[in-house]
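Remarks on the structure that follows.
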Amino acid sequence: MNDLSRRQFLKNLSLGLGAAALPISFAQAAVIRPRVIVIGGGFAGATAAKYLRLWSNNTVDVILIEPNAIYYSPILSNLVLNGQRQVAQLGFKYDTLAQKYGVQVVRSTAIALNSASRTVKLANGQTLGYERLILAPGVQFKAIPGLNSNKVLHAWKSGNQVQQLRQQLQAMPTGGSFVMSIPKAPYRCPPGPYERACVVADYLKRNQPGSKVIVLDGNPDITVEKDTFNHAFTNTYAGIVQYVPNTILQAVDSNKKVAITSFGDYQASVLNVIPPHQAGGIVRKNGLANSSTGDWANVNPLSYESTAAQGIHIIGDSQGTGQPKAGHIANAEAKVCADAVLRLLSGAQPFQSPVTNSACYSPISADTASWLTAAFAYDPASQSMQLIPASFGASSGASSSNYRKMFEWANSLFSDTFA
Amino acid sequence: MKRKYLSWLGALALLASSSLSSSANATDYTGGRLTNTNISAAGVLIPDGARLLASQCFQCHGTDGKSTTGIDSLAGESQNELVSEMREMKAKNKVDLMHYQAKAYTDAQIQLIAAYFASISGGGNNDNDDDDDNHHNDDNDAND
Ligand SMILES: Cc1cc2nc3c(=O)[nH]c(=O)nc-3n(C[C@H](O)[C@H](O)[C@H](O)COP(=O)(O)OP(=O)(O)OC[C@H]3O[C@@H](n4cnc5c(N)ncnc54)[C@H](O)[C@@H]3O)c2cc1C
């Protein structure tokens with residue numbers, strides 16, 4: 001049976017319509033199961049795929065579409081810059097999801113959606129039908145005049161870019177300057193850019209005395225963990241880190257490594273531009289980025305179903321609920337979504353009072369780290385996820401015990417997502 | 001025609017070994033969680049929503065509370081024990097990640113979460129003696 005008639009059959013079945021209209025055999029009917037397609041195998045998509053299988057007792061077919069054989073975690077990736085981690089240690093394959101949970105992993109890119117026929121077209125030529133579709137493509141960067149991200153790296157999606165930034169840093173002349181640009185919020189991992197400034201400063205302090213880190217922040221102030229990062233910038237790395245708030249990057253000379261900003265030009269030895277973010281291309285090209293800015297996907301936070309298209313759910317960094325763009329909470333959203341999708345497939349309503357939580361550990365040096373945590377609950381009055389104020393907290397500064405716990409936390413999150 | 005259709009549907013239901021009815025709720029794809037009266041092997045009642053709420057702990061404490069790292073497992077802990085640990089952390093003002101997390105949940109939600117973990121047998125490294133200070137204690141000591 002092709003994808004369309006398969007779907008029509010299931011639809012009729014759930015509506016209790018007559019089987020007379022369906023020219024299919026009993027044998028086929030017995031093996032037909034609802035199919036959920038997940039696009040993108042990051043923290044959000046991998047978690048959704050795993051839990052759809054686990055929580056349905058394998059009664060739902062799950063196809064995960066992801067072009068890369070190995071996912072490189074952005075979490076912990078700043079530690080590559082100061083030599084505390086190798087990129088290879090951050091890589092995860094999809095073998096366990098396939099073998100242990102029975103997720104069908106298709107190595108390709110989704111290039112088009114049709115929400116009316118409920119089909120997805122892949123770059124490999126396949127067209128697949130679904131009952132429910134989950135989009136988890138992460139973020140895409142916005143263009144900046146003159147920016148060539150192959151020369152001026154972002155290193156904000158882990159993998160090769162981080163490896164290359166490490167190499168640029170190692171090749172930096174003594175006394176040189178590492179200039180980095182932070183986009184306006186929201187961007188993925190609120191403490192991440194400040195954490196990067198710290199570990200780069202740590203590397204330079206130990207290996208290239210006299211070199212500087214210039215932080216050009218598009219935001220009016222350090223966006224999170226202000227005390228911790230301010231202490232690091234002005235004490236731990238005094239004379240190394242120069243923090244410049246309210247600095248909007250206007251253009252880049254990618255060959256000469258010049259950042260052209262609202263405060264003038266900054267010449268760098270190594271220039272690291274984290275461009276402003278928006279939802280992944282597959283979300284935006286299909287009219288699903290319907291937030292007020294047009295950057296993110298508005299969803300019902302009980303199910304993560306798009307407010308623009310039925311049957312399509314958006315989780316992780318692309319969604320626009322106001323929850324932070326981070327991997328730990330992307331995993332949390334994926335579980336809410338998976339649970340809701342299974343209920344919806346059963347004809348029931350999503351659970352009405354979900355809670356999600358977030359945790360970020362930030363390395364501040366080669367042996368200290370800080371943390372930030374928060375939880376969010378569904379508020380029926382505003383029909384949105386709201387921060388629970390009492391759950392919002394940060395470590396008092398950086399410590400070596402936090403540094404150890406950072407790896408325990410990350411390894412736990414990695415295995416809840418990929419294993 | 002009507003009768004034929006019904007018997008066809010009945011046969012289908014048997015084949016799929018599910019409680020196919022004429023309502024929209026044809027099959028429960030949630031692994032039985034929609035029934036609201038799920039009694040686990042341990043004899044614990046797991047109310048609706050408990051699994052989803054408890055799954056928010058899995059990021060750190062492992063899938064189903066079976067830890068794969070040095071962080072405590074929660075699987076198989078007694079419901080009362082888990083509830084009192086969470087309540088204690090809720091009540092204390094301590095600069096500690098889990099103490100903040102505990103404050104995110106109502107007492108009713110804590111009961112549901114604890115019921116879920118109590119219903120699962122055999123955690124990985126569940127060798128702690130349920131002392132909440134066991135691994136959540138040393139965050140506020142060091143501060144450079
Ligand atoms: C330096 C740094 C530190 C961080 N630290 C933390 C932290 O401490 N805690 C925390 O919670 N978060 C942290 N994060 C943030 C976290 O990494 C992201 O928020 C998280 O990766 C988002 O998950 P996602 O699944 O939405 O997107 P991604 O992880 O980006 O995954 C998206 C996937 O979708 C695939 N994809 C995209 N488009 C398509 C398509 N059309 N078809 C098929 N596949 C597609 C991509 O190949 C990719 O694999 C950090 C990030 C950085 C950069």
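Within every chain, numbering begins at 1; the chains are lettered A, B, ... in the order of the sequence lines, protein sequences first and strands thereafter. Bear in mind the structure is a predicted one, so any value in this text is a computation, not a measurement.
- Counting heavy atoms from C-beta on, the side chains of A:W55 and B:R51 come closer than 4.5 Å.
- Atom-to-atom distance recorded for A:S353:OG and B:L53:CG is 6.5 Å, nearest 0.5 angstrom.
- Separating the CG atom in A:L413 from the CD atom in B:Q59 is a distance of 6.5 Å, to the nearest 0.5 Å.
- No donor-acceptor pair under 3.5 Å is formed between the side chain of A:S56 and the backbone N or O of B:T30.
- Top candidate by heavy-atom pairs under 4.5 Å with chain B, chosen from A:L342, A:T228, A:D416, is A:D416.
- When all heavy atoms are compared, the tightest approach of A:K335 to B:S55 is NZ-O, 2.8 Å.
- Scanning all heavy atoms of the two residues, the minimum distance from A:A390 to B:K103 falls at O-CD, 3.5 Å.
- In this structure, chain B has a heavy atom under 4.5 Å from the backbone of A:A394, while its side chain stays farther away.
- Remark: B:D48 engages A:R343 in a salt bridge, criterion side-chain N to carboxylate O under 4.0 Å.
- You'll find the side chain of A:L54 reaches within 4.5 Å of the side chain of B:T63, heavy atoms only.
- Remark: A:F92 pairs with A:F414, A:F418 by the ring pair (Phe, Tyr, Trp, His ring centres under 6.0 Å) rule, at least two apart or across chains.
- Within the 4.5 angstrom heavy-atom criterion, only backbone atoms of A:A374 (N, CA, C, O) approach chain B.
- Judged purely by distance below 3.5 Å, without hydrogens or angles, the side chains of B:T69 and A:S412 pair a donor atom with an acceptor atom.
- Counting only heavy atoms from C-beta outward, the side chains of A:P354 and B:Q56 never approach each other to under 4.5 Å.
- Among A:N357, A:N411, A:T47, A:V336, the residue with the largest count of heavy-atom pairs under 4.5 Å with chain B is A:N357.
- Contact of A:S358 with chain B is made through the backbone alone, with heavy-atom distances under 4.5 Å.
- Looking at every heavy atom in both residues, A:Y361 comes nearest to B:L97 through OH-CD1, 3.7 Å.
- To the nearest 0.5 Å, atom OG of residue A:S395 and atom OH of residue B:Y100 are 9.0 Å apart.
- In terms of heavy-atom pairs under 4.5 angstrom with chain B, the leader among A:N58, A:V60, A:D339, A:N57 is A:D339.
- Between the side chain of A:E408 and the main chain of B:G70, a donor-acceptor pair closer than 3.5 Å is present.
- More than 12 heavy-atom neighbours from other residues, nucleotides or ligands sit within 6.0 angstrom of CD on A:Q89.
- Not a single side-chain hydrogen bond (donor to acceptor under 3.5 Å, both in side chains) links A:T234 to another residue, sequence neighbours left out.
- The line from CZ of B:R33 to CZ of A:F351 is 12.5 Å long, rounded to the nearest 0.5 Å.
- Taking the side chain as every heavy atom from C-beta outward, B:L52 and A:Y51 never approach each other to under 4.5 Å.
- The contact between A:A332 and chain B is made by backbone and side chain atoms together, counting heavy-atom distances below 4.5 Å.
- Interatomic distance, OG of A:S346 versus OH of B:Y29, reported as 7.0 Å (0.5 Å rounding).
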